[in-house]
Amino acid sequence: MREFAEQFIGKECIVYVLGTSTTALQGTIKAVSDGAIFLERKDSVESVNLEYIVRIREFPRNANGKKKLFW
């Protein structure tokens with residue numbers, strides 16, 4: 001998972017995390033370590049354990065490069 005997550009460094013992504021229910025976190029991936037990714041969200045940086053990540057995808061954009069509405 002670490003090698004997969006490293007390709008998203010510097011990109012705005014949606015990270016799906018397994019818990020009591022699958023949650024989606026949105027932010028820019030700043031760094032990846034052995035056990036976590038560091039996700040910059042608005043005013044803070046959060047670490048997310050790699051073992052709990054179900055899926056990572058780049059934030060969708062339209063043909064003009066603008067963000068699509070997600071939720």
### Task
Scan residues 18-28 for pairs that pass salt bridge (charged side-chain N to carboxylate O under 4.0 Å, His left out), counting only residues two or more places apart or in two chains.
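For residues 18-28, and leaving out neighbouring residues, there are no salt bridge (charged side-chain N to carboxylate O under 4.0 Å, His left out) pairs at all.
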
Would you give me the side-chain donor-acceptor pairs under 3.5 Å for residues 28-35, sequence neighbours excluded?
from : atom 1 : to  : atom 2 : distance (Å)
K30  : NZ     : E40 : OE1    : 3.3
S33  : OG     : A36 : N      : 3.3
S33  : OG     : A36 : O      : 3.3
D34  : OD1    : R2  : NH1    : 2.3

To the nearest 0.5 Å, tell me how far [X] [atom1] sits from [Y] [atom2].
X	Y	atom1	atom2	result
Y16	R57	OH	CZ	4.0 Å
L39	F8	CG	CZ	12.5 Å
Q7	I56	CD	CD1	8.5 Å

### Query
Hey, does E12 have a side-chain heavy atom less than 4.5 Å from the side chain of E58?
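A side-chain contact is absent here, since even the closest heavy-atom pair is not under 4.5 Å.
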
#### Entry: I37 and I53, any side-chain heavy atoms less than 4.5 Å apart
yes

Please set out all donor-acceptor pairs under 3.5 angstrom arising from side-chain atoms of residues 42-52, sequence neighbours excluded.
from : atom 1 : to  : atom 2 : distance (Å)
E46  : OE2    : R41 : NH1    : 2.8
N49  : OD1    : E51 : N      : 2.9

## Note on the structure
Taken in chain and number order and not counting sequence neighbours, the residues that satisfy ring pair (Phe, Tyr, Trp, His ring centres under 6.0 Å) with F38 are none

